[in-house]
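The structure appears right after this line, and notes come after that.
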Amino acid sequence: MSSYDAVDTATRVLVLNSGSSSLKYQLLDMRDGSRLAVGMVERIGEKTSRLVHTLPESGGDSSDGGSSGGEGGRERTGRFADHAKALEAVADELAHDGIGLDSPELAAIGHRVVHGGLRFSVPALIDNGVLAEIERLVPLAPLHNPANLLGIRTARALRPDLPQVAVFDTAFHTTMPEYAARYAIDTATADAHRIRRYGFHGTSHAYVSRRTAELLGKDPSEVNVIVLHLGNGASASAVAGGRCVDTSMGLTPLEGLVMGTRSGDIDPAVTFHLRRVAGMSVDEIDELLNKKSGLVGLCGDNDMREIRRRIDEGDERARLAFDIYIHRLKKYIGAYSAVLGRVDAVAFTAGVGENAAEVREAAVAGLEALGLAMDAKRNTVRSGEPRIVSPDGARTAVAVVPTDEELEIARQTFALIGEDRPAIA
Ligand code: ADP
């Protein structure tokens, strides 16, 4: 008998992704994974904040007076002094649509939390102990965890009776073997400061690797997948039988692939050199490598569409930036092929991975020895559905699998609060 009988009709999950000055939200119905509302509040605490609220599944126009909106949405500007005010405004919008936070159909709130360290390998039902543990991880994610905590505290204040669940970006990677997770540095120093490779984008890697197995008609335990999450931030992972065995991001999201504004892999001595020879401060070097490097550092643009446009016009800097991006991607595909031994699929996801056919084509070109091939026609078909873009019968399938981190957070949240209920969607 379920301890959640009282909420057996409660099938909705609110997913919150709280940043330092933003609050993104989605309300999902877990009977079918559909979206009842999607929105965000930006510039919280600034002079003019903005709330954009849409009702994607209704498809209708729900604009009303005093607000403007396109695509069936509403927009509100005003001043939301803090996250509490922002969440109250979100609650008002949801109530306006008859799907308010006080509805008995709301089963739980799922929160994205960036860093779960070694402590959280699965989602956690939030209580004071869990909050204290997330707090303890702040030094490892000084920008993100405090913002995530703010979202949790605000939501708890509004609905203290409702189960709230933390879903961690690092959790999927906690299955990495020790030899993949440790840096080859002094063990005592590493342990004293919790320095190891944690990896990020885990919710996306979990979702996409599972969806890729489904696309192949297999159980996740039967397949080995390389997931390439290529958004503005980018990471690769090697997933063996549903478990992550390696990933490209490390102690922080700076390691690995070339990204929109991050360098990815770099000789650590570059940082000493900049300190000693260029006289840069640690904060300046941090900003250089995280915000002014990657594609934007190489050519001034971090949007792949713009880079492709410039390449078509013969721009050499854009061409070189693209080639460096692809070269790194290829190296990771090769490395993870070696790590996995047998690769059943390479799955592309996120903004660039889902949309940039040229990136997929260039990344796979010349990798026939690894069993990879591309069907040029399939690769250029645009679609929001998971799909195979390699030729039939290829040893390793190349797939495009749109990621859905909110659905995955909602799914994990719903599964945790009603373990005896089957997970849907
Ligand atoms: P994030 O969540 O990391 O901010 P996204 O996954 O939304 O990033 O990806 C954003 C990136 O996707 C943009 O910077 C842009 O380069 C790329 N992108 C989006 N649409 C396209 C497209 N049609 N073609 C090429 N690149 C695209």
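Below, each value reflects all heavy atoms present in this structure, side chains not excepted, and no hydrogens, waters or symmetry copies. All ligand and atom numbering here is 1-based and tracks the order in the structure.
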What about Tyr198 and His173, are their ring centers closer than 6.0 Å? no
Note: ligand 1 atoms sitting under 4.0 Å from heavy atoms of Asn302 are 14 (O), 16 (O)
Would Gly260 count as a contact residue for ligand 1, given that I'm defining contact as a non-hydrogen atom of the residue lying under 4.0 Å from a ligand atom? no
Has ligand 1 got any nitrogen or oxygen that is less than 3.5 angstrom from a nitrogen or oxygen of His229? no
Take atom NZ in Lys330; do more than 12 heavy atoms of anything else shown fall under 6.0 Å from it? yes
Which ligand 1 atoms are under 4.0 Å away from a heavy-atom of Ala350? 6 (O)
For ligand 1, which part of Val359 has a heavy atom less than 4.0 Å away: the side chain, the backbone, both, or neither? neither
Contact atoms of ligand 1, heavy-atom distance to Val352 under 4.0 Å: 12 (O), 16 (O), 17 (C)
Atom 25 (C) of ligand 1: which protein heavy atom is closest, and how many Å away? Arg305 CG, 3.5 Å
Can you tell me the protein heavy atom closest to atom 8 (O) of ligand 1 and the distance? Asn232 N, 3.1 Å
Less than 3.5 Å between some nitrogen or oxygen of Met304 and one of ligand 1, yes or no? yes
Under 4.0 Å from a heavy atom of Gly233: give me the atoms of ligand 1 that qualify, with their elements. 3 (O)
Which of the ligand 1 atoms, numbered from 1, are nearer than 4.0 Å to a heavy atom of Asp303: 15 (C), 16 (O)
Salt bridge (Lys or Arg N to Asp or Glu O under 4.0 Å) pairs, two or more places apart, involving residues 163-181: Arg112-Asp169, Glu178-Arg182, Glu178-Arg196
Under 3.5 Å, which donor-acceptor pairs do the side chains of residues 280-287 form with other protein atoms, sequence neighbours left out?
unit_1	atom_1	unit_2	atom_2	d
Ser281	OG	Glu284	N	3.1
Glu284	OE1	Ser281	N	2.9
Asp286	OD1	Asn290	ND2	2.8

Under-4.0 Å heavy-atom contact between protein and atom 2 (O) of ligand 1: no
Under 6.0 Å between the ring centres of His96 and His53? no
Would the Phe172 and His201 ring centres measure less than 6.0 Å apart? no
So which of Ala356, Gly353, Gly351 gets nearest to atom 12 (O) of ligand 1, if we judge by its closest heavy atom? Gly351
Between Arg310 and Glu313, is there a salt bridge with N-O shorter than 4.0 Å? no
Provide, to 0.1 Å, the distance between atom 23 (N) of ligand 1 and the closest protein heavy atom, together with that atom's residue and name. Asn355 CB, 3.4 Å
Polar side chain donor-acceptor pair, Arg262 to Asn232, under 3.5 angstrom: no
Mark yes when over 12 heavy atoms from residues, nucleotides or ligands other than Arg243 sit less than 6.0 Å from its CZ; otherwise mark no. no
